[in-house]
Amino acid sequence: MKIYLIRHSESQDDLINCYGGASDWDLTENGAKKVEKFRSTFEKFGVQKIYVSPLKRAYKTAEILNQKNGCPIEKVFELHETNHYGYLTGLEKNLAKELFAYLLERPEYQNASYYNRKCMPGGETADELDKRVKRVMKNILKSSKGLDTIAIVTHGGVLRSIFQAVLKDKRKILDIKDVACAELDFEKGKFKIISTEGFVFE
C-alpha cells in the first residue's frame with residue numbers, strides 16, 4: 001500500500017504570531033492557494049481515501065486537494081495536532097510572555113520541544129503523543145485493508161512522531177513546509193520511506 005503523509009498549509013495563527021498547537025485555526029487565503037497549486041500533483045497519486053485531522057486547517061487542506069479526486073474523507077480525532085504549548089495554546093506570543101513570564105523564564109520550559117521530550121505546563125508530553133500516534137496509525141492501517149493508496153493530512157507534531165515512533169527514523173526534523181508530502185510504501189508489515197518533499201532534516 002502507498003501512503004502519503006501531508007502537512008496542512010499556512011494557517012491564520014502563522015500570521016498573528018501565536019502559539020497554534022491544538023487550537024483550531026483555519027487556512028489563510030495564501031495557504032489555500034498553496035494547496036490549490038499542489039492539487040494537480042496530488043491528483044496523480046490515485047488516492048482512494050483520505051484520513052484527516054478534525055482541525056480546520058487540516059480538513060480544509062484535504063477538501064481542496066480532493067475537489068476533483070472525490071474520494072472519501074474521514075475525520076480522525078487522534079490525528080489532531082499535539083497540545084505541546086499547554087496553557088499557552090492559542091495565545092499571541094508577546095501577550096503570552098506578559099501573562100506567563102514566570103513559566104517561560106524557567107529553565108525546564110525553555111527550548112521545550114518534541115525531541116528533548118519536554119512540553120509546556122498542561123501540554124501533551126512526547127511520550128503521550130507517540131502513544132496516540134502509534135495507536136491511530138495502527139487503526140488507519142487496519143481500516144485501509146484492501147486499498148492501494150491512502151493519504152493522511154495532519155500536523156507537524158504528529159508527523160514528527162510518525163517518523164520517530166512509527167517509522168523508526170531517528171533523523172531530527174527541523175522544519176516541515178506548508179503542504180509538505182512524504183511518500184511511504186507499506187508492505188508485509190514494514191514501512192519504506194520513498195520521498196520526503198518539504199521536510200527539512202538536521
Side-chain angles (χ1 to χ4, degrees), residues 3-47 49-86 88-98 112-115 120 123-124 129 133 149-163 172-184 194-202:
I3 302 172
Y4 292 95
L5 303 175
I6 300 170
R7 181 184 179 268
H8 64 80
S9 192
E10 179 187 78
S11 52
Q12 294 166 348
D13 55 304
D14 295 323
L15 300 187
I16 60 175
N17 193 36
C18 80
Y19 291 103
S23 53
D24 197 5
W25 299 93
D26 207 342
L27 292 181
T28 63
E29 183 177 343
N30 184 51
K33 288 179 180 177
K34 289 181 179 181
V35 184
E36 290 169 359
K37 186 176 180 180
F38 181 67
R39 185 170 58 208
S40 59
T41 299
F42 177 83
E43 288 167 358
K44 297 174 185 176
F45 295 161
V47 171
K49 187 171 183 178
I50 301 172
Y51 298 91
V52 62
S53 158
L55 299 185
K56 294 171 188 172
R57 57 195 184 272
Y59 192 77
K60 187 70 172 183
T61 295
E63 279 191 318
I64 296 172
L65 289 175
N66 197 43
Q67 279 179 359
K68 293 183 180 179
N69 195 52
C71 70
I73 300 178
E74 182 178 334
K75 287 184 181 181
V76 181
F77 176 76
E78 289 187 308
L79 288 175
H80 70 80
E81 180 61 298
T82 182
N83 184 27
H84 170 78
Y85 300 117
L88 307 184
T89 298
L91 285 179
E92 194 272 330
K93 290 180 180 178
N94 290 325
L95 177 60
K97 287 178 183 178
E98 293 179 20
S113 74
Y114 173 76
Y115 293 107
M120 297 303 294
E124 181 180 33
L129 172 61
V133 165
T149 308
I150 65 170
I152 297 172
V153 181
T154 186
H155 308 266
V158 173
L159 291 170
R160 285 179 172 86
S161 180
I162 289 174
F163 268 77
K172 183 178 180 180
I173 300 174
L174 299 179
D175 190 24
I176 308 175
K177 305 297 184 183
D178 295 332
V179 208
C181 180
E183 179 184 347
L184 312 177
I194 305 302
S195 65
T196 52
E197 295 295 323
F199 288 72
V200 180
F201 296 91
E202 188 175 50

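Worth knowing before you read on, the calculation uses all heavy atoms, side chains too, and leaves out hydrogens, waters and symmetry mates. Because the structure is predicted, anything quoted here is derived from the model rather than measured.
Shown here for L88 and A96, the closest heavy-atom pair between the two residues is CD2-CB, 4.3 Å. The two residues A180 and F199 come nearest to each other via the heavy atoms CB-CE1, 3.9 Å. For the pair G46 and T149, the tightest heavy-atom approach, listed with the atom from each and the gap, is O-CB, 3.5 Å.
Contact check for N69 versus F45: no side-chain heavy atoms found under the 4.5 Å cut-off. Taking 4.5 Å as the limit, some side-chain heavy atom of I50 sits within range of a side-chain heavy atom of V153. A heavy-atom distance below 4.5 Å is found between the side chains of T196 and F163. Looking at F38 and S9, their side chains never come closer than 4.5 Å, going by heavy atoms from C-beta outward. Between H80 and P54, some side-chain heavy-atom pair lies under the 4.5 Å cut-off. Taking 4.5 Å as the limit, some side-chain heavy atom of S161 sits within range of a side-chain heavy atom of Y114. Residues L27 and V35 have side chains in contact (heavy-atom distance under 4.5 Å, counting atoms from C-beta outward). Proximity of K93 to Y19: side-chain heavy atoms (C-beta onward) are separated by under 4.5 Å at one or more points.
Judged by distance alone, the side chain of T28 and the main-chain N or O of G31 form a donor-acceptor pair under 3.5 Å. Under the 3.5 Å distance criterion, the side-chain polar atoms of N66 are matched with a main-chain donor or acceptor of C71. A donor-acceptor contact shorter than 3.5 Å links the side chain of E81 to the backbone of G157. Side chain of D24 to backbone of L55: no donor-acceptor contact under 3.5 angstrom is found.
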Practice task
Step by step, work out the side-chain contact (heavy atoms from CB on, under 4.5 Å) result for T154 and L5.
Solution key: CA-CA 8 Å; T154 186; L5 303 175; 6.0 Å; no
Exercise for the section: Decide side-chain contact (heavy atoms from CB on, under 4.5 Å) for R160 and Y115; before the verdict, give the C-alpha distance in whole Å, the side-chain angles of both, and the deciding distance to 0.1 Å. Expected result: CA-CA 9 Å; R160 285 179 172 86; Y115 293 107; 3.6 Å; yes
Exercise for the section: Begin from the C-alpha positions of I152 and I3 and carry the test side-chain contact (heavy atoms from CB on, under 4.5 Å) through to its verdict. Expected result: CA-CA 7 Å; I152 297 172; I3 302 172; 4.1 Å; yes
Exercise for the section: Might you work through the side-chain contact (heavy atoms from CB on, under 4.5 Å) test for Q67 and R39, ending with a clear yes or no? Expected result: CA-CA 9 Å; Q67 279 179 359; R39 185 170 58 208; 2.5 Å; yes
Handout entry: Worked verdict on Y4 versus F42 for ring pair (Phe, Tyr, Trp, His ring centres under 6.0 Å)
Key = CA-CA 9 Å; Y4 292 95; F42 177 83; 7.6 Å; no
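At most 12 non-hydrogen atoms from other residues, nucleotides or ligands lie less than 6.0 angstrom from NZ of K177. Other residues, nucleotides and ligands place more than 12 heavy atoms under 6.0 Å from the NZ atom of K34. With a 6.0 Å radius and a threshold of 12 heavy atoms from other residues, nucleotides or ligands, E197 has its CD atom at or below the threshold.
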Please list every donor-acceptor pair under 3.5 Å in which a side-chain atom of residues 11-18 meets a protein atom from a residue at least two apart or in another chain.
{"unit_1": "S11", "atom_1": "OG", "unit_2": "D13", "atom_2": "OD1", "d": "2.5"}
{"unit_1": "D14", "atom_1": "OD2", "unit_2": "S11", "atom_2": "N", "d": "2.9"}

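Not counting sequence neighbours, K97 has no partner by the salt bridge (charged side-chain N to carboxylate O under 4.0 Å, His left out) test. For D26, there are no salt bridge (charged side-chain N to carboxylate O under 4.0 Å, His left out) partners two or more places apart in sequence or in a different chain.
Between atom CZ of residue R57 and atom CG of residue D178 there is a gap of 11.5 Å, rounded to the nearest 0.5 Å. Expressed to the nearest 0.5 Å, how far CD1 of I6 lies from OH of Y51 amounts to 14.0 Å. Taking OG1 of T61 as the reference point, atom NZ of K56 lies at 13.5 Å (rounded to 0.5 Å). Atom-to-atom distance recorded for E74:CD and L79:CG is 9.5 Å, nearest 0.5 angstrom.
In this structure, K172 fails the cation-pi test against F201, since its NZ or CZ atom is not both closer than 6.0 Å to the six-membered ring centre and inside 45 degrees of the ring normal.
Taking the six-membered ring where the residue is Trp, the centroids of H8 and H155 are separated by under 6.0 Å.
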